[in-house]
There are 2 protein chains.
Amino acid sequence: MQRSVSPLRLKAVCSNCNLRELCLPVDLSVGEMQQMDDICHLKRGYARGDYLYRSGDKFLSLHAIRSGSFKTQVLHEDGREQVTGFQMAGEIIGLDAICTDHHTCDAVALESSEVCELPFDKLEMLSRKLPSLQRHLHKIMSREIVRDQGIMLLLGSMRAEERLAAFLFNLSQRFAARGYSSTQFQLRMSRQEIGSYLGLKLETVSRTFSQFQGSGLISVKARSVELLDLPGLHAMFSS
Amino acid sequence: MQRSVSPLRLKAVCSNCNLRELCLPVDLSVGEMQQMDDICHLKRGYARGDYLYRSGDKFLSLHAIRSGSFKTQVLHEDGREQVTGFQMAGEIIGLDAICTDHHTCDAVALESSEVCELPFDKLEMLSRKLPSLQRHLHKIMSREIVRDQGIMLLLGSMRAEERLAAFLFNLSQRFAARGYSSTQFQLRMSRQEIGSYLGLKLETVSRTFSQFQGSGLISVKARSVELLDLPGLHAMFSS
DNA sequence: CATAAATCTTGACGTATATCAAATTAGTTG
DNA sequence: CAACTAATTTGATATACGTCAAGATTTATG
């Protein structure tokens with residue numbers, strides 16, 4: 001049972017957590033918003049471990065994460081898995097599926113989460129009428145390409161400590177953009193998932209966490225992280 | 001001095017090399033093609049080493065490669081460079097720039113090349129009128145995301161020989177799609193550039209080439225490559 | 001065509017990260 | 001809350017790839 005969600009409420013939610021630029025819609029009049037309202041539906045909540053979609057599923061809709069977080073992963077035929085991203089509230093998920101009309105990865109909830117369904121055919125129809133929506137959709141897709149290229153740089157030319165520092169710094173910025181602490185947070189993913197994302201084994205992730213703690217950069221206990229030296233963490237991968 | 005290029009000729013060029021699905025435009029009536037014609041311009045040729053654009057340049061147009069090939073690279077502040085892709089005829093380049101209105105990487109010609117300029121504002125305007133063009137643009141962007149995720153898988157979870165085998169197999173398929181031999185071709189890029197793309201040092205690339213030759217998978221002399229065992233090469237990274 | 005400058009190959013050796021293993025801690029469930 | 005299970009940490013050791021270096025080959029240039 002899907003129920004309609006007010007786009008005003010959606011925008012309000014976004015504004016409340018400083019997500020204006022992350023969420024759809026943007027810069028729309030009240031009338032235009034009503035049109036977004038008509039195509040946007042709130043789906044049921046997802047519990048930790050639930051699949052939002054699986055690789056191979058028919059593609060019908062993009063999904064905007066309203067609360068919680070997800071991981072996306074691609075599974076190699078030989079069983080290898082690669083985590084391709086961790087997505088948080090306000091981010092759009094499923095763009096990879098447009099080109100084949102089928103999902104190319106799994107999306108799995110990392111905690112209790114809510115998503116908004118955006119039927120893609122209706123989104124395309126509406127974006128033909130609303131140039132600012134069209135431009136926004138293009139920017140979101142382009143941003144995903146840039147993000148992926150950043151990960152390629154990370155995987156292709158950084159050492160373990162640089163990768164982990166960049167990962168923590170990125171998380172920090174994203175929490176801050178949502179109004180949460182940039183220095184204290186709970187990791188929603190396991191060492192194994194972090195390792196898969198960063199091209200490292202879980203033991204290496206764990207060791208590097210310990211090393212960062214030893215040098216006073218962070219304080220870490222299981223999934224609770226405190227960043228003690230944000231500039232130092234940044235210098236770790238940008239110098 | 002830019003001169004107009006007939007979209008029919010563009011399509012013909014594409015059809016000739018089996019690139020229908022790679023090139024813009026697709027599935028358009030003669031009238032719709034005329035509209036594409038009005039916004040598509042042939043730029044001057046580029047020689048090996050010429051920049052099509054540089055990181056930081058203002059973004060105005062996408063570029064369709066008509067002949068030749070390019071590499072895209074991102075430069076890290078500390079001098080590290082990462083090659084993010086090698087683009088061939090029929091492929092669209094510059095999608096990463098949409099999100100910030102500025103290019104986020106350099107595009108450098110690997111050989112004598114010609115490109116078609118596609119002013120993005122006009123492309124957006126036209127794609128609001130032509131749903132099949134709109135859908136095609138979205139698919140091209142989505143395909144780029146999928147491609148990047150494939151490289152993330154490669155960089156994050158494959159060994160040197162698997163990476164190089166996947167690279168050669170991919171080149172083979174792309175040459176085949178353009179009507180060239182899938183088993184004999186000239187590499188347009190250096191060992192160093194291949195290494196940067198694959199997250200390896202040039203010595204490792206060179207050694208792995210020699211190893212493949214030793215085991216009868218390929219025959220390689222400098223930049224001339226012959227793939228002797230395509231199934232074997234495929235098994236190398238997919239099993 | 002001759003010379004220089006890149007690029008590529010190969011070898012010896014070093015190192016970052018993987019692998020294997022065991023102990024510890026955190027999280028889950030009856 | 002106890003018992004179990006999963007996740008994390010840490011150590012010892014192995015290995016794939018990087019680094020340094022020299023020579024060979026290819027490509028560019030006058």
Side-chain angles (χ1 to χ4, degrees), chain A residues 47-50 71 78-83 108 110-112 154-168 186-215 218-225 236-237, chain B residues 47-50 71 79-83 108-112 154-168 186-215 218-225 236-237:
Chain A
R48 173 172 168 73
D50 285 353
K71 67 168 174 179
D78 57 8
R80 264 186 293 216
E81 80 171 44
Q82 169 84 23
V83 172
V108 187
L110 293 175
E111 60 187 314
S112 296
L154 180 144
L155 292 172
S157 68
M158 289 189 185
R159 292 173 314 117
E161 37 195 270
E162 299 173 307
R163 294 184 200 187
L164 191 63
F167 171 72
L168 289 172
Q186 292 285 123
L187 297 172
R188 265 74 182 201
M189 65 295 285
S190 69
R191 300 288 187 267
Q192 144 92 343
E193 288 165 334
I194 296 171
S196 172
Y197 181 63
L198 298 178
L200 303 169
K201 294 293 163 185
L202 71 297
E203 295 94 329
T204 304
V205 173
S206 179
R207 271 185 245 273
T208 309
F209 268 126
S210 301
Q211 177 197 320
F212 282 1
Q213 179 159 251
S215 58
I218 69 171
S219 167
V220 60
K221 182 92 190 284
R223 297 198 179 182
S224 304
V225 177
M236 194 109 219
F237 61 91
Chain B
R48 174 173 168 71
D50 285 353
K71 68 169 174 178
R80 265 186 292 218
E81 79 170 46
Q82 169 83 24
V83 172
V108 186
L110 293 173
E111 61 188 313
S112 297
L154 180 145
L155 292 173
S157 68
M158 289 190 186
R159 291 174 314 117
E161 37 195 90
E162 299 173 308
R163 296 184 198 186
L164 191 63
F167 171 72
L168 289 172
Q186 292 284 123
L187 298 172
R188 264 74 182 201
M189 65 295 284
S190 69
R191 300 288 187 269
Q192 143 91 347
E193 288 165 335
I194 296 172
S196 171
Y197 181 62
L198 298 178
L200 303 168
K201 293 294 160 182
L202 72 297
E203 294 96 328
T204 304
V205 173
S206 179
R207 271 184 248 272
T208 310
F209 268 127
S210 300
Q211 175 197 319
F212 283 0
Q213 180 158 252
S215 58
I218 69 171
S219 166
V220 60
K221 182 93 190 284
R223 297 197 178 182
S224 304
V225 177
M236 195 110 220
F237 61 91

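In what follows, every chain begins at residue 1, and chains take the letters A, B, ... in the order their sequences are listed.
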- Task: Using side-chain hydrogen bond (donor to acceptor under 3.5 Å, both in side chains) as the criterion, list what pairs up with B:S210, not counting sequence neighbours.
- Result: none
- Item | From CA spacing to verdict: side chain to side chain contact (heavy atoms under 4.5 Å, CB included), A:R163, A:Y197 | CA-CA 10 Å; A:R163 294 184 200 187; A:Y197 181 63; over 6 Å; no
- Assign each of A:R48 and A:R163 the nucleotide of DNA chain C bearing its closest heavy atom; nearer the 5' end lies the nucleotide of A:R163
- Which heavy-atom pair separates B:L154 from B:A166 by the least distance, and what is that distance? CD1-CB, 3.9 Å
- Query: Where the side chain of A:R191 meets the backbone of A:R223, is there a donor-acceptor pair that is under 3.5 Å apart?
  - Reply: no
- B:K201 meets the side-chain contact (heavy atoms from CB on, under 4.5 Å) criterion, sequence neighbours left out, with B:E203, B:T204
- Query: Sequence neighbours excluded, which residues qualify as side-chain contact (heavy atoms from CB on, under 4.5 Å) partners of B:S215?
  - Reply: B:L217
- Could you tell me, to 10°, how much the axis swings from one end of the helix from C:dT9-D:dA22 to C:dG30-D:dC1 to the other, five pairs per end? 50°
- In residues 207-215 of chain A, what residues come within less than 4.0 Å of DNA chain D, judged by heavy atoms? A:R207, A:S210
- Message: List the residues meeting side-chain contact (heavy atoms from CB on, under 4.5 Å) with B:S219, not counting sequence neighbours, and say none if there are none.
- Response: B:Q213, B:E226, B:L228
- Message: Test of understanding: with side-chain contact (heavy atoms from CB on, under 4.5 Å), list the residues that count as partners of A:E162, not counting sequence neighbours.
- Response: A:M158, A:R159, A:F237, B:R80
- Let me see the working for A:I194 and A:F209 under side chain to side chain contact (heavy atoms under 4.5 Å, CB included), right down to the final yes or no. CA-CA 11 Å; A:I194 296 171; A:F209 268 126; 4.1 Å; yes
- Quick one: does A:Q82's side chain have a donor or acceptor within less than 3.5 Å of a partner on A:S196's backbone? yes
- Applying side chain to side chain contact (heavy atoms under 4.5 Å, CB included), run through A:V83 and A:M189 and close with a yes or a no. CA-CA 11 Å; A:V83 172; A:M189 65 295 285; over 6 Å; no
- Name every residue in residues 197-206 of chain A that has at least one heavy atom under 4.0 Å from any atom of DNA chain C, in order of residue number, or write none if there are no such residues. A:G199, A:L200, A:K201, A:E203, A:T204
- Note on the structure: side-chain hydrogen bond (donor to acceptor under 3.5 Å, both in side chains) filter on B:S112, not counting sequence neighbours, yields none
- Message: Using the side-chain hydrogen bond (donor to acceptor under 3.5 Å, both in side chains) criterion, which residues pair with B:R188? Sequence neighbours excluded.
- Response: B:E111
- Message: Students should find this one: the first and last nucleotides of DNA chain D, 5' to 3', lying under 4.0 Å from a heavy atom of chain A. What are they?
- Response: D:dA7 to D:dA12
- 5' to 3' on DNA chain C, which nucleotides open and close the contacts with chain A (atom under 4.0 Å from a heavy atom)? C:dT17 to C:dA26
- Passing candidate, side chain to side chain contact (heavy atoms under 4.5 Å, CB included) with B:T208, options B:L164, B:L200, B:L198: B:L164
- Rounded distance [0.5 Å steps], CD1 in B:I218 versus OG in B:S224: 11.5 Å
